[in-house]
Amino acid sequence: MVVYPESMIKPMREEVTRLGIAELKTVEDVDKALSGEGTAFVFINSVCGCAAGGARPALAMAMEKASRKPQHLYTVFAGADVEATARARSYFGEYRPSSPSAAILKDGEVVHFIHRHEIETKHPVQFAAELIQAFEEWGS
Amino acid sequence: MSNVQENEFHPDRHAHLGELHGITVVLGGHSGKTYLGRWHQKTARGITLRNVAIHDPVAPDAQPLDQWLARQRKYGVEWQIDTMVLPLEEFNGAVTPLV
């Protein structure tokens, strides 16, 4: 696995964290965040320009437009925070790793999952609409 | 509204690799096998795919193809091969996105 220099990925982290989404950088962060009750959204951020370059702006649109959101909003960065990402994925059950991707958990169980293959063919506006629909369904 | 290409890692850098670059596709093979993976590029050697899963209809534990694809769509690609080159003589010309 390629681990990218922090200077390169910092803007990509900030593109998500400035939306009010908390970044989980350690295994301990992940366990503390995802082992609790309630609804949690987890965005698996990544460097890949083919898919993540559109996913982050889509997430920004969804955060702006959705009237309901999961109670907790988190992100991990694949290719950078490797252990935290692996730990987050351990909460996803049968859902296979891909990045970027997104999950919504309710009381620790995945209730909605969006894979990379569902993101890479879509314009950010289309992906934003899917995120908004998921937020409205599972948010509060 | 956000700029849709705010921090893209390699904007346009991979444009020469074709419109399927980076897309998870289902490819048919003359052998009857189905290849599922992320298209990287097509060259005279063949089609380079990343994170590849292969459906072999004559494998002892083979699921029907439609069931296998449905599972890949729902749970993500159960890839076993990091990178492979699908020879053009095996590729039957059928290519569709996984979605």
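Protein chains get the first letters and strands the later ones, always in sequence-line order, with residue 1 at the start of each.
- Applying the 6.0 Å contact sphere to CD of A:E6 captures more than 12 heavy atoms from other residues, nucleotides or ligands.
- Enclosure of atom CD in B:E78 by more than 12 non-hydrogen atoms of other residues, nucleotides or ligands within 6.0 angstrom is indicated.
- Linking Ile, Leu, Val, Met, Phe, Trp and Tyr residues whenever their side-chain heavy atoms come within less than 4.5 Å places B:V52 and B:L88 in a single cluster.
- For the atom pair A:R116 CZ and B:T24 OG1, the distance stands at 6.0 Å (nearest 0.5 Å).
- Atom NZ of A:K122 sits in a crowded spot, with more than 12 heavy atoms from other residues, nucleotides or ligands closer than 6.0 Å.
- Cluster annotation: A:I104 and A:I132 are assigned to distinct hydrophobic clusters (Ile/Leu/Val/Met/Phe/Trp/Tyr, side-chain heavy-atom contacts under 4.5 Å, transitive).
- Annotation for A:E137: atom CD counts as buried by contact number, over 12 foreign heavy atoms lying within 6.0 Å.
- Residues of residues 59-77 of chain B lying under 4.5 angstrom from chain A, judged on non-hydrogen atoms, are B:R71, B:Q72, B:R73, B:K74, B:Y75, B:G76, B:V77 by number.
- If you measure heavy-atom distances from A:Y95 to chain B, the contacts under 4.5 Å come from both the backbone and the side chain.
- Residues from residues 92-99 of chain B that place a non-hydrogen atom less than 4.5 Å from a non-hydrogen atom of chain A comprise B:P97, B:L98, B:V99, given in numerical order.
- Within a 6.0 Å radius of CD in B:Q80, other residues, nucleotides and ligands contribute more than 12 heavy atoms.
- In this structure, the portions of A:H117 lying under 4.5 Å from any heavy atom of chain B include both its backbone and its side chain.
- Cluster annotation: A:V76 and A:L105 are assigned to the same hydrophobic cluster (Ile/Leu/Val/Met/Phe/Trp/Tyr, side-chain heavy-atom contacts under 4.5 Å, transitive).
- A continuous path of ILVMFWY side-chain contacts below 4.5 Å connects B:M84 to B:F91, so both sit in one hydrophobic cluster.
- Residue A:F92 is not grouped with residue A:L131 when hydrophobic side chains (ILVMFWY) are merged at heavy-atom distances under 4.5 angstrom, including chains of intermediate members.
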